[in-house]
Amino acid sequence: MKDYLRSIIRTSLQQFDLSNDDIPEIQIEKPNQPEHGDAASNIAMNLASVLKMNPRKIAEQIVDGLDYDERKIQAVEIAGPGFINFRYAENYLFDALSNILNEGTSFGKSNSLGGKRILVEFVSANPTGPLTVGHGRNAVLGDTVANLLEWTGAEVDREYYFNNAGRQMRKLGESVRTRYLQLLDYDVELPEDGYEGEYIKDIAQELIDEHSDGLVDTEEVDPFKDKAEQVIFDDIQATLKRMNIEMDSFFNEKEVYQDGSINETVETLREKDLAYDKDGATWFRTTKFGKDQDTVLIKSSGEPTYRLPDIAYHANKLDRGYDQCIDVFGADHIDTYPDVLSGIEALGYDRSKVDVIVYQFVTLVKDGNPFKMSTRKANFVTLDDLMDEVGSDVTRFFFEMRDPNTHLEFDVGQAKEAGEKNPVFYLQYAHARIHSILRKIDQEYTFDVKDQPKLKLLTHKSETALIKSLLRFPEIIQSAADNREPHRLINYLEDLASIFTSFYHDCRILGEEEELVQARSALAKATAQVLANGLEILGISAPEKM
RNA sequence: GCGCCCGUAGCUCAACUGGAUAGAGCAACUCCCUUCUAAGGAGUAGGUUACAGGUUCGAGUCCUGUCGGGCGUACCA
């Protein structure tokens, strides 16, 4: 419909002497006030300075030149400083409703990203401990954005990038070894900066179950580290699965070392004079890309910093033929990704193919005070704990309902309480209510399948409002996907559920004239479908009974 | 010090990328279950959109400055 409005406005604009450059994007939006119609354009105001005319005058001329289909548009009005307001025709609404019922589980899907292959990289937590609520925002955001992109036609792969080498993993192995020895009554102390979590003891216990005291004399950390990695990864995957997240691939940082691309990357940068040696280290000329300082790629110890494998990894992604790579990470990485972009640009890739979703940190509040989480110090709240308390639907919803770009406060003490009266139930409840009615209709009525519902009977203002809300669904998905902002979908679904509830109170279904029962049940069914499709994208269940 | 993000009702957050009278949910108060699920509904109250300027037909949204909070600013990841 928006496209249709844009096209007829564009046609009418031909009466003005305007070059294409002078015509701004034609914006169509839904007015806040119902009296202002179903759709509005501010085009006349935008053209006022170009045409040097009074915007209302421009609006009048545009409207005079509008050639619109009366089966779609019932009325066009000019209001305020020069808004052009459109009212949809009833027939259009009925056609749209019938279209929703026909499309069913695919209603809302589009092909705007058709043919595009997109890689979404998210979670990417190193296997040093269980996933915490801090990771939760990343995990849910990444998965939901991936779902949104799939609904707009893209072919999406989900990837988890990790590093099982390096200092932190070594500390982890040492910590397991210490706990192992302690469980066997040896008097040893946890190393400095060791991992203090209870889960380390569990891993040590597993080693005892498998090897008894056979590892007591093992000096190398590897057997402990490898066991820890395996146990922790199993745990992480179980947590993800519980949250309805399934990765397509896991990428070990080690791969970019083994296939030589680390070296290639450095060599290429050297050839282009973007890398050089100084003080025993290898530096990346990030000053060429607008930074204040150059950045170390390889430390004087010979060990690369994380930036180098990051650059090689992103090049690897693009080599795999993705049209777009999306990274999801927290605000603490905000200063590092420009280096990665500069790096792949230097290697000859198109940096616009890498897109980054930065989300702000989750602030944990316990007993009214904020506190810092640290995996190493074991003061964290795991996602599993959270799901034990409130379930996975509430957990996902919680991370999806807020703008990624704002700080999110999470009160542990109120988690369960919030779980009991969480807005997610409002959506699920509306869905369950509809199915309850549909079950009763199934029992009490037998509509002839060939008998199309007489949608023309749906003229109550609550019915009209509900239909109008339903048909916005596809454009909501589009904007949520384009902006990588799942909370837009949540806001919409809450609004829809609220409009449905008004309909539910104003318009009875059971016990009315049979034709009206059929028409209203069709409307209810379409509503349930949209709620279910929306919840599907959010990775949240849509129960038929509650 | 410098860079990025945030500041909206008592609390947690929206506001369709600059639109018309800034909205929900909790919490508070008043009502509504002989009616398809009360996990619901109707209503009351609650605001100088941190502050000060600026840009224009129009600013919560854009620009400048101030204040407050978060995160960075490593040869850590």
inquiry  = Is the distance from the ring center of A:Phe122 to that of A:Tyr160 below 6.0 Å?
reply    =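 That pair fails the under 6.0 Å test.
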Who passes side chain to side chain donor-acceptor pair (under 3.5 Å) against [X], sequence neighbours left out?
X        : result
A:Glu196 : none
A:Glu303 : none
A:Thr282 : A:Asp277
A:Asn164 : A:Glu229, A:Asn252

Hey, is the side chain of [X] poking within less than 4.0 Å of OP1 or OP2 on [N], counting only N and O atoms?
X        : N     : value
A:His435 : B:U37 : no
A:Ser436 : B:C36 : no
A:Asn491 : B:A14 : no

Without decimals, in angstroms, what is the distance between [X] [atom1] and [N] [atom2]?
X        : N     : atom1 : atom2 : result
A:Asn32  : B:G60 : CG    : C1'   : 13 Å
A:Ile28  : B:G19 : CD1   : C1'   : 13 Å
A:Glu485 : B:C16 : CD    : C1'   : 11 Å
A:Ile437 : B:U37 : CD1   : P     : 6 Å
A:His487 : B:U12 : NE2   : P     : 17 Å

Tell me the partner of [N], counting only Watson-Crick (N1-N3 plus N6-O4 or O6-N4) or G-U wobble (N1-O2 and O6-N3) with both under 3.5 Å; none if nothing fits.
N     : result
B:C71 : B:G3
B:G46 : none
B:U55 : none
B:G18 : none
B:C13 : B:G23
B:A38 : none

inquiry  = Please tell me whether A:Thr144 and A:Arg396 have a donor and an acceptor in their side chains that are separated by less than 3.5 angstrom.
reply    =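 Side chains of A:Thr144 and A:Arg396: pair found under 3.5 Å.
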task = Examine the side chains of A:Asp482 and A:Gln478 and answer whether a donor and an acceptor come within less than 3.5 Å of each other.
result =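 Judged by distance alone, the side chains do pair up.
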Can you pull every protein N or O that's under 3.5 Å from an N or O on nucleotides 66-68 of chain B?
none

Enumerate all atom pairs, one protein N or O and one N or O from nucleotides 75-77 of chain B, separated by less than 3.5 Å.
| unit_1 | atom_1 | unit_2 | atom_2 | d |
| --- | --- | --- | --- | --- |
| B:C75 | O2 | A:Ser300 | N | 2.5 |
| B:C75 | O2 | A:Ser300 | OG | 2.8 |
| B:C75 | N3 | A:Ser300 | OG | 3.3 |
| B:C75 | N4 | A:Asp279 | O | 3.1 |
| B:C76 | OP2 | A:Lys299 | NZ | 2.5 |
| B:A77 | OP2 | A:Tyr306 | N | 3.4 |
| B:A77 | N6 | A:Tyr306 | OH | 2.9 |

ask   = Can A:Lys288 and A:Asp294 be counted as an ion pair, charged N to O under 4.0 angstrom?
value =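 Looking at A:Lys288 and A:Asp294, the cut-off is not met.
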Tabulate protein N/O versus nucleotide N/O from nucleotides 57-59 of chain B, keeping only pairs under 3.5 Å, one per line.
none

ask   = Relative to the 5' end of RNA chain B, which residue comes earlier, A:Thr363 or A:Ser479, by the nucleotide with the nearest heavy atom?
value =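 Between the two, 5'-proximity favours A:Ser479.
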message = Can you tell me how the ring of A:Phe289 sits relative to the ring of A:Phe284, calling it parallel under 30°, perpendicular over 60° and tilted otherwise?
response =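 Aromatic pair A:Phe289/A:Phe284 classed tilted.
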request  = Indicate the ring-plane relationship of A:Tyr337 and A:Phe329, choosing parallel, tilted or perpendicular according to the 30° and 60° boundaries.
outcome  =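 A:Tyr337 vs A:Phe329 ring planes: tilted.
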key: A:Phe83 aromatic ring stacked with six-membered ring of B:A20, 5.5 Å and 30°   =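 A:Phe83 ring centre within cut-off of B:A20 base, planes near parallel; stacks.
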request  = Determine if A:His36 stacks with B:A20; use a centre-to-centre distance below 5.5 Å and an interplanar angle below 30° as the criteria.
outcome  =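 Ring-base stacking flag set for A:His36 and B:A20.
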Under 4.0 Å between any heavy atoms, over every strand shown, what does [X] touch: base, sugar-phosphate, or nothing? Just pick one.
X        : value
A:Asp506 : nothing
A:Ala524 : nothing
A:Asp292 : nothing
A:Ile441 : nothing
A:Lys30  : base
A:Gln478 : nothing

message = Measuring only between side-chain heavy atoms, which start at C-beta, is A:Ile326 closer than 4.5 Å to A:Glu121?
response =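 Side-chain contact under 4.5 Å: no.
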request  = Would you mind reporting whether A:Ile437 and A:Tyr504 have side-chain heavy atoms less than 4.5 Å apart?
outcome  =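 A:Tyr504 reaches A:Ile437 side chain to side chain.
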Interatomic distance at [atom1], [N] relative to [M], whole Å:
N     : M     : atom1 : value
B:A24 : B:G46 : C1'   : 14 Å
B:G25 : B:U21 : P     : 23 Å
B:U30 : B:C36 : P     : 27 Å
B:A22 : B:A15 : C1'   : 7 Å
B:A52 : B:C75 : C1'   : 45 Å
B:C63 : B:C5  : P     : 9 Å

inquiry  = Would A:Arg270 pass as a cation-pi partner of A:Tyr276, given that its NZ or CZ must be under 6.0 Å from the six-membered ring centre and within 45 degrees of the axis?
reply    =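 Relative to the ring axis of A:Tyr276, which defines the angle, A:Arg270 lies outside at least one limit.
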ask   = Can a cation-pi geometry be assigned to A:Arg402 and A:Phe398, taking NZ or CZ under 6.0 Å from the six-membered ring centre and within 45° of the ring axis?
value =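 Yes, A:Arg402 sits over the ring of A:Phe398.
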key: Residues which pass salt bridge (Lys or Arg N to Asp or Glu O under 4.0 Å) with A:Lys468, listed by chain and number, not counting sequence neighbours   =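 Only A:Asp38 meet the salt bridge (Lys or Arg N to Asp or Glu O under 4.0 Å) criterion with A:Lys468.
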Extract from the structure each pairing of a protein N or O with an N or O of nucleotides 22-25 of chain B at less than 3.5 Å, listing the distance.
none

query = What's the base orientation of B:C6: syn (chi within 90° of 0) or anti?
reply =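 Judged by the O4'-C1' to base torsion, B:C6 sits in anti, the angle falling more than 90° away from 0.
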remark   = Heavy-atom contacts, protein to nucleotides 3-9 of chain B, under 4.0 Å, summarised as B (base), S (sugar-phosphate only) or - (none) per nt, yield -SBS---
request  = Quick one, give me the B/S/- string for nucleotides 40-49 of chain B, reading 5' to 3', where B means a protein heavy atom under 4.0 Å from the base and S means that only happens at the primed atoms, P, OP1 or OP2.
outcome  = SS--------
Residues that A:Ala96 engages under side-chain contact (heavy atoms from CB on, under 4.5 Å), provided they are two or more places apart =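 In terms of side-chain contact (heavy atoms from CB on, under 4.5 Å), with neighbours along the sequence ignored, A:Ala96 is linked to A:Leu471.
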key: Backbone N/O of A:Glu494 and side chain of A:Ser498: donor-acceptor pair under 3.5 Å   =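 No: the side chain of A:Ser498 does not pair with the backbone of A:Glu494.
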